[in-house]
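Here is the structure we will look at, set down as structure tokens.
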Amino acid sequence: MLDIKLLRESPAEIATNLAARHVRIFDDLGSDEAGDGWAQATVERLVGLDHAYLELLREQEDVRRQQNETSAAMKKVGKLPKAEQQAARAPLVEAGRRLRDREHELAELAQAALTARDEAWGRVPNLTHPEVPRSHDQHRELHRWGTPRDFAAEGFTAEQGPRDHLTIAESLDLVDFASGAKVAGQKFYYLKNEAVLLDLALQHFALGVARKHGFTLHTTPDLAREEILQGLGFNPRGESTQVYSVENSDLCLVGTAEITLGGMLADTILEIDRLPLLVAGLSHCFRTEAGSAGQESRGLYRVHQFTKVELFAFTAAEGDESAAMHQRMLAIEEEIFQALGLPYVVLDIASGDLGGPAYRKFDIEAWMPGRGDFGEVTSTSNCLDYQARRLKIRYRPDGDGKKKAKPKYVHMLNGTAVATSRALVAILENYQQADGSVLVPEVLRPWVGCDRIGPR
RNA sequence: GGAGGAGUGGCCGAGCGGUCGAAGGCAACGGACUUGAAAUCCGUCGUGCCCUCACGGGUACCGUGGGUUCGAAUCCCACCUCCUCCGCCA
């Protein structure tokens, strides 16, 4: 959530940003309309909601002040002669009752107004880094690494070119989607044989890299309270939610350890010498994939459950600290995919595709020969203080001599070290051999225990 | 799962229904003393929101949410969390 003061002080900036992000806040004011008038109208409605709340708040505080005055007067009554107390007390009690009733009334109205405002304000996305391409989905390519293999030159024939990961995995008996569907449903799966070892090897490898870079390793809960999800900018409720909720509880299955790592420090004020604070988390990730039926539905690319090693950083809000950390996290992700020997492209994600909390987002897309295109394998976002505000994660900046400095919200960043399912797709497809076998990337061999899977 | 106990400021810890945003201690910060440091002494020292250019004023917060009362950190109810004991169990 953004600072509400931004709405009061620079509403135009909010409107411009809404337009760039194509984010609809109110059902009847959407980005599908011509021009940016809808964004302007959205901001005006937000301002109206804020005013309504402030007015009630002022009135409520005024009544409370009167209540306090009545109480103070009541205290003095005790010092009067006994005979006079009764008479002095009666009107105060009467006034107090009236004020209490009025206060209850106003409290309810103010609370409702605040809820209405925040419900809408909470959906307003973060501001957008100036260099982010302003577009629905035309991302900027930052750079490339590696060269896709020339399969034809290696003896893959025209009719039998490189196969996709599902074909490979099935021929080598590495996955079982049929049983997954029977037991848990479409898009659930079992990994089998070397795929299990490969999956664990990726985790082990990524954790090692994270640790080397100073991240404290964690395994995290795979569930989290709704409140935490909301703090991180996720919407567990709503028709197109990506989040599984547990019935009769306020728990959700996490879609990423970003949630559990970010939520870990909710409601704390950190001493500045603890920053930057780097944590990495291994968790399962659950996604409903609502609305994505049919999209890349084959195989492991888009599934309901996978395992991920996540990087997370809390930095001070000074200067370009978080921007520098963002580059650092991207560099770690690149290090991992270079070590795995997977060609990739790095994208600066366009404004229309950023998601609510991100100020800027870099994706790595690895080359996937099976589809003849790049596919997303990591994503790192700098969310500035957008998440910290609702989670109340602050730090105390260095004071300038006399006084302790006011706490400030930290900046929060997240990034994928490795999502094993997507990495498996890339590995199987890039390391396939003409004889049907798959080479194991060298860095993973110590854990897989062999240098080649198959042929079978 | 059953029975008890507890949740107060960065930490520890007091707190009779009105004089409590809350004693005291530690830590931190500023100053004095010192060649420097330690020790000692003096002082400062929670957070949010609203109003104000500012000085400042108002209001709220003692795990969370309700309730009783003219008035709640203090009484009542529910929930959350932690601790102890019993039971069960990877």
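Letters go in sequence order (proteins before strands), and every chain restarts at 1. The shown structure was predicted, so the numbers you read here are calculated from the model rather than taken from an experiment.
Taking the centre and axis of the six-membered ring of A:Phe26, the NZ or CZ atom of A:Arg45 falls inside the cone set by 45° and 6.0 Å.
Remark: B:G1 base-pairs with B:C86. Criterion, Watson-Crick or G-U wobble with two distances under 3.5 Å. Here B:C16 sits opposite no nucleotide as a Watson-Crick or G-U wobble pair (both hydrogen-bonding atom distances under 3.5 Å). Under the Watson-Crick or G-U wobble criterion, with both distances below 3.5 Å, B:U81 is paired with B:A6. Pairing for B:C33 is absent, judged as Watson-Crick or G-U wobble with the two contacts each under 3.5 Å. Across all strands shown, B:G71 remains unpaired; no Watson-Crick or G-U wobble contact has both distances below 3.5 Å. B:G46 is paired with B:C61 under the Watson-Crick or G-U wobble criterion, all donor-acceptor distances under 3.5 Å.
Among the nucleotides B:G18, B:G71, B:C51, the one closest to the side chain of A:Arg58 is B:C51. Of all nucleotides listed (B:C49, B:U47, B:G71), B:U47 comes nearest to the side chain of A:Lys406. Listed candidates were B:U69, B:C51, B:U59. Nearest to the side chain of A:Arg64 is B:U59. Taking every side-chain heavy atom of A:Glu61 into account, B:G58 is the closest of B:G58, B:U47, B:C51. For A:Met74, whose side chain is taken as the heavy atoms from C-beta onward, the closest listed nucleotide among B:C51, B:G18, B:G48 is B:G18. You'll find that the side chain of A:Pro407 is closest to B:U47, out of B:C50, B:C70, B:U47. Closest to the side chain of A:Arg225, from the set B:C80, B:U47, B:G18, is B:C80. Picking from B:U47, B:C70, B:C49 the nucleotide with the shortest atom distance to the side chain of A:Val93 gives B:C70. Of the candidate nucleotides B:G48, B:G46, B:C50, B:G46 has the atom nearest to the side chain of A:Arg396.
Annotation: B:C79 and B:C20 have their C1' atoms spaced 27 Å apart (nearest Å). Remark: the separation of the P atoms in B:G24 and B:C42 is 13 Å, to the nearest Å. Comparing the same atom, P, in B:A22 and in B:A73 gives a spacing of 13 Å after rounding to whole Å. A distance of about 9 Å separates the P atoms of B:U40 and B:C26, rounded to the whole Å. Distance check on atom P: B:G63 versus B:U8 gives 6 Å, rounded to whole Å. Atom name C1', nucleotides B:U59 and B:U52: the rounded distance is 15 Å, in whole Å. B:G10 and B:A28 are spaced 9 Å apart, taking the C1' atom of each and rounding to whole Å. Annotation: B:G71 and B:C86 have their P atoms spaced 46 Å apart (nearest Å).
When the shell of 6.0 Å around CD of A:Glu69 is examined, it contains more than 12 heavy atoms from other residues, nucleotides or ligands.
At a threshold of 4.0 angstrom between heavy atoms, the contacts of A:Leu99 with the nucleic acid are absent. Within 4.0 Å (heavy atoms only), A:Arg89 reaches no atom of the nucleic acid at all. Note on A:Asn68: only backbone sugar-phosphate atoms sit closer than 4.0 angstrom, heavy atoms only; bases stay farther off.
Per the geometry, CD belonging to A:Gln66 stands 13 Å off P belonging to B:A60, to the nearest Å. As rounded to whole Å, 10 Å separates atom C1' of B:U69 from atom NE2 of A:His104. In this entry the distance linking CG of A:Leu54 with P of B:G58 reads 20 Å, nearest Å. Between the P atom of B:C50 and the CG atom of A:Leu7 lies a distance of 12 Å, rounded to the nearest Å. The nearest whole Å value for the distance from the CZ atom in A:Arg394 to the C1' atom in B:G48 is 8 Å. Residue A:Gln67 contributes atom CD, which lies 22 Å from atom P of B:G17 at whole-angstrom precision. A:Leu92 has its CG atom 18 Å from the P atom of B:G18, to the nearest Å. Protein atom CG of A:Leu114 is 15 Å distant from nucleotide atom C1' of B:C61, rounded to whole Å.
A residue-by-residue look at A:Arg117 and A:Gly96 shows that A:Arg117 has its nearest nucleotide of RNA chain B further toward the 5' end. Between A:Glu271 and A:Ala72, the residue whose closest nucleotide on RNA chain B is further toward the 5' end is A:Glu271.
Checked against the 6.0 Å centroid criterion, the rings of A:Phe362 and A:His326 qualify as a close aromatic pair. Ring centroid separation for the pair A:Phe314 and A:Phe312 comes in under the 6.0 Å cut-off.
Of the N and O atoms on the side chains of A:Glu318 and A:Tyr395, at least one donor lies less than 3.5 Å from an acceptor on the other residue. A donor-acceptor contact closer than 3.5 angstrom is absent between the side chains of A:Ser71 and A:Gln67.
For the pair A:Arg65 and B:G58, the criterion of a side-chain N or O lying under 4.0 Å from OP1 or OP2 is not met.
In this structure, A:His22 and A:His136 have parallel ring planes: the angle between them is below the 30° cut-off, well short of the 60° mark.
Looking at A:Asp267, A:Leu277, A:Val410, A:Ile269 one by one, the single match for side-chain contact (heavy atoms from CB on, under 4.5 Å) with A:Ile393 turns out to be A:Val410.
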